[in-house]
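Here the structure is laid out as C-alpha cells; the discussion comes afterwards.
Below, read A as the first sequence line, B as the second, and so on, with proteins coming before strands; counting in each chain starts at 1. Side chains are part of it too, since the values below use all heavy atoms of this structure and drop only hydrogens, waters and symmetry mates.
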Number of protein chains: 4
Amino acid sequence: MSEKITDNKESREKLVECAKREFLEKGFTKASLRKISSEAGLTTGAVYFFFGDKNGLFEGVVGEALARLNAVLENHFAQDIEADLLTYEHHSGDHDDFSEELVNVIYDHYDEMTILLDRSAGSKYERFVDSIIDKLDSSYIALAEKYAACVPNKRVNRKMLHWLTHVQINAFIHMMQHEKNRDSALHFIKPVMDLLIKAWMEYSLEDDV
Amino acid sequence: MSEKITDNKESREKLVECAKREFLEKGFTKASLRKISSEAGLTTGAVYFFFGDKNGLFEGVVGEALARLNAVLENHFAQDIEADLLTYEHHSGDHDDFSEELVNVIYDHYDEMTILLDRSAGSKYERFVDSIIDKLDSSYIALAEKYAACVPNKRVNRKMLHWLTHVQINAFIHMMQHEKNRDSALHFIKPVMDLLIKAWMEYSLEDDV
Amino acid sequence: MSEKITDNKESREKLVECAKREFLEKGFTKASLRKISSEAGLTTGAVYFFFGDKNGLFEGVVGEALARLNAVLENHFAQDIEADLLTYEHHSGDHDDFSEELVNVIYDHYDEMTILLDRSAGSKYERFVDSIIDKLDSSYIALAEKYAACVPNKRVNRKMLHWLTHVQINAFIHMMQHEKNRDSALHFIKPVMDLLIKAWMEYSLEDDV
Amino acid sequence: MSEKITDNKESREKLVECAKREFLEKGFTKASLRKISSEAGLTTGAVYFFFGDKNGLFEGVVGEALARLNAVLENHFAQDIEADLLTYEHHSGDHDDFSEELVNVIYDHYDEMTILLDRSAGSKYERFVDSIIDKLDSSYIALAEKYAACVPNKRVNRKMLHWLTHVQINAFIHMMQHEKNRDSALHFIKPVMDLLIKAWMEYSLEDDV
DNA sequence: TATGAATGAGATTTCATTCAT
DNA sequence: CATGAATGAAATCTCATTCAT
C-alpha cells in the first residue's frame, strides 16, 4: 500500500553522501545545507530530523572514520612504550606497525579524513588535529623524559619535540593530499617516518645547563 | 576646541587596526565589515571609500607585510644558489641569513603575517602559502638536479623534496604561532633549519633504477 | 480556532500579487523586494524560497502571460503566410483573427502585459519586445520578398518595413495603455491594423535602381 | 604662481562630457555620479558644486539641446495652422520644413537627444516625451476640429489622432536610433511623414452618429 | 519520515548626498 | 574651486534553523 519505496536508511545515507561531497568541496562553514539536501532529493528539514543540526550532519559524515582513527591512536598511546630507547636506532622499522595502521584507517576513509583534517574549520571538530597533536605531544614528552634519564647532562627539548609532533601529523596529512592510493602512501610515509625518528633521537634532547 | 579634529588618515588607520583584530580572530570569511566599521566608530561605507571592498581592506591590512615578505623571498630566489652542495654540510649556518631575514620580516609584522598565512581563506590571498611553496619547490628541484648530476646512480626524489619544502614553510608558521618574540624565534628556527638541511642532503636524492 | 490556517499557496500568491503592484508602479529595477514581501506580510527570505531571486519573482508574475503571448506569436509565425498579396486589399479583415487573439491574450493578462512590455527594464525579459520585433521583422521581410518578386522594378524597402513593424507592436502597447477594456481595444485596434496593412502594401517596396 | 593650469570652465565641461557618456550608456537611474566624477578626474563634490544634484547634472547635459528642441516645437505650435486642410493633399511636402528643423536639432545634439528621449527614466525629464505628445496632441485636435467643421457628418476621432501623434514622435525616435547621419535620417523621415499625413487626413475624422 | 513554509539575522555592496576645509 | 571623508539608507541575497503537518 505504501507509496514510499525507499527503505528507512536510504535517505540518511544519501544525505551523508551528498554532505561528504559538499564538505569536501567547500569546507564546513561554506557548505550549504540547502544544497546538500536538495542534491539528496530531500529538504533541509530532513537534515534536522536525522542529524539535529549542521554539526550533527558533519558528525554523521566523519563519525565512523573518527572513531576508528581515535581507536588506533588510543591503542598506540596505551601501548607500553618502554622500548629500549638507547638501542632504538638498530631497528628503525619498529614504528612501521603504527604507520601502517594509520595509513589503513586513513585510506579506508579517505574522503572523511580529508574533511576531518582539512575541511573542518567552523565545526565542532575544528580543533581535532590540535587535540591529536596535544595527546601525541604528551606521550612523546613522557617518552623523552625516560630517554633523558638515561643520558647524562641532557634534558628534554620540548619545543623541538612539539614541532616534531606537528611535522609528524602534517606528514600524514601531506601524504593524504598527495598520494591517492594506499601503496604509494606507504611508500611515501616510511622514509618520512624514518627521517622523523632519526630527528627525534637527535633533537629531542638538548644540553642541560 | 572642536572635538572633530581628526588627523588625516586617522579613520583609515582605525579601520585597518580594527580589521586586523577581526581578521585575526575570525579569519577573512567570517569577519564582519559591519563590526569592523562600527568598532572603528564608522560605517561600512567608509570601508568602501577607503578600500573598495572587503578584499581591499584585507590588502590594506596585510599589504605592507606582504610586500616585504615577497621582497625577501624574491631576493632569496634570485640569489645565485650555486653553493658547493657536496661540501654543504661543513658550513651549515649558511642559510642563517635567509632565516634571519625571514624572521625579521615576520616579527616586524607579526599579526599581519598570522593573518596572511593562517586566516586568509576566502580572500584573494588564500593561495599565498601554496604559491610560496610552489616557487620554493621549483627552486629546490633545480638545485637538486644539479646535486644529482654530481652523484652517480642517484636522481631527484621529488616527492620527498616537495614534502621538505612544506615542512620548511610550516616550520616558519609553527615558529610564528609558538614563539612570541624574535629572539626565541631565532633560537627555535636555527636548529630546525639545520635539521632540514641535513634531511635535504640525505633524502632529496633516491637510487636511480 | 487557530489563526494560522493558511491555504497552501496563499503566501506565494500574495507575493505575486504584491510584486505585480510594485513592478507595475516602479518597474523591475526600482521595485523593492523588501516592500513586496512586507506588504505580503512576509520576509524577503520567502521570496527566495518561492522564486529563487528577483528575476524569478518577475517570472512568477509574468510567466503565464508570457507563455500565452508566445504561443499566439509562434502560432502566427508558423502559419502559412502565402496569402495572395496582390489581392490583399480586397479582404483587409484577414488579419483580424491574429489581432483578436492578441487582444484576448493581452486583456486576459492586462497588468502582466503592461509589466512585461513596459516595466521590464533590468529584468531578464527586458529585451522581450525587441525579440518580438526581430521575429516579426524577419517574417515580414520574407513576405515582402515574395511580394517584390511579383512586382517589376521594385525591391523590399527594409527600413520602412522595420519601422512599420515597430509601429505595429507599439500600436498594441499603445492600445493597452489607453483602452482599459477588450471591446474598446478591439474597436481601436482594427482601423489601426487596417491602416498599417495599407501602409505595408504601399510602402514596403521601393523603386529598384 | 598658480599650480592649477585648468581654466575655470574646463572641469564643468569635463563633467558634462563624462556624464553624457554615462547617461547614454546606463540611463539616468543607473548612472553613477562617482564614476562620472572620477572619469572626469574630479570628485562627486564637484558635481554638487557645479550642478547642485544629479538632476542638475542631467540638465547640464541635455539643457541646451532641450532648449533648442523646445524652441522648434513652440515655433511650430505658434505658427498659423490655418492651412487649407481641404487642399492639403496637393502639397504633401509642406511639413518638410518642420521635419527638417527637427532633424537638424536632433542631429546637432544627437547624444543629448538620445539621452533625453530614451535614457531619462528616473530624472525630472522622464515625462518629457509625454509632454511633447500632449502638446502636439492638443494642437492636432484643434486643427482637426477645424477640419471637421468643413466636412459634414464627421467628427474628430480623438483616439486615432492621439495614436498618430504617438506614432509621429516615435518615428523621430526610431529615426534617431536607426539612422546615424542627417542625410539618411531625412531620407528616412520624409516618406514616413508623408505616410503619416495621409493617414491623418484619412483617419483623423470618424462618422458622426 | 519527512516536507514545505517561513523566519530573522546576517552578509556585502552601492549610492546620492553633505560638509568642513 | 574642489576635495576627501563619511553617512545613512537602501539594495539583493544567503543561511541555519524551526515547526506544524
When you measure from the side chain of Lys54(D) to the backbone N and O of Ala31(D), does any donor-acceptor pair fall under 3.5 Å?
-> yes
Under the side chain to side chain contact (heavy atoms under 4.5 Å, CB included) criterion, do Arg68(C) and His109(C) qualify, and how do the steps go?
-> CA-CA 9 Å; Arg68(C) 281 203 52 200; His109(C) 308 277; 3.6 Å; yes
Measure from CZ on Phe51(C) to P on dT14(F) and round the result to the nearest Å.
-> 16 Å
Separation of dT1(E) P from Phe50(A) CZ (nearest whole Å) = 6 Å
Heavy-atom donor-acceptor pair, Tyr125(D) side chain to Leu117(D) backbone, under 3.5 Å = no
Tell me what Gly41(A) touches on the nucleic acid: a base, only sugar-phosphate, or nothing, going by heavy atoms under 4.0 Å.
-> sugar-phosphate
Glu10(A) CD to dA2(E) C1', straight-line distance once rounded to whole Å | 14 Å
In whole angstrom, give the distance that lies between atom NZ of Lys14(C) and atom C1' of dA5(E).
-> 17 Å
In 5'-to-3' order, the base (B), backbone-only (S) or no-contact (-) status of each nucleotide in nucleotides 8-13 of chain E, using a 4.0 angstrom heavy-atom cut-off, is ---BBB
Working to the nearest 0.5 Å, report the span between CG of Asp111(D) and CZ of Arg119(D).
-> 9.5 Å
Is there a donor-acceptor contact under 3.5 Å from the side chain of Glu126(D) to the main chain of Gly122(D)?
-> yes
Answer yes or no: is there a donor N or O on one side and an acceptor on the other, between the side chain of Ser120(A) and the main chain of Ser123(A), under 3.5 Å?
-> no
Any chance you could encode DNA chain E as dot-bracket? Rule is Watson-Crick or G-U wobble with both distances under 3.5 Å; [ ] for pairs crossing earlier ones, | for another strand.
-> .||||||||||||||||||||
Taking Thr29(D) for the side chain and Ala121(D) for the main chain, is one N or O donor matched with an acceptor at less than 3.5 Å?
-> yes
Nearest-angstrom distance from the residue atom CD of Glu13(A) to P of dT1(E) = 13 Å
In whole angstrom, what separates Leu42(C)'s CG from dG4(E)'s P?
-> 18 Å
Rounded distance in Å - NZ (Lys26(D)) to C1' (dA16(E)) | 14 Å
Take atom CZ of Arg12(C) and atom P of dG4(E), then tell me their distance rounded to the nearest Å.
-> 14 Å
Is Lys124(D) close enough and on-axis enough to Phe58(D), meaning under 6.0 Å and within 45°, for cation-pi?
-> no
Taking the side chain from Glu112(C) and the backbone from Gly63(C), do they hold a donor-acceptor pair closer than 3.5 Å?
-> no
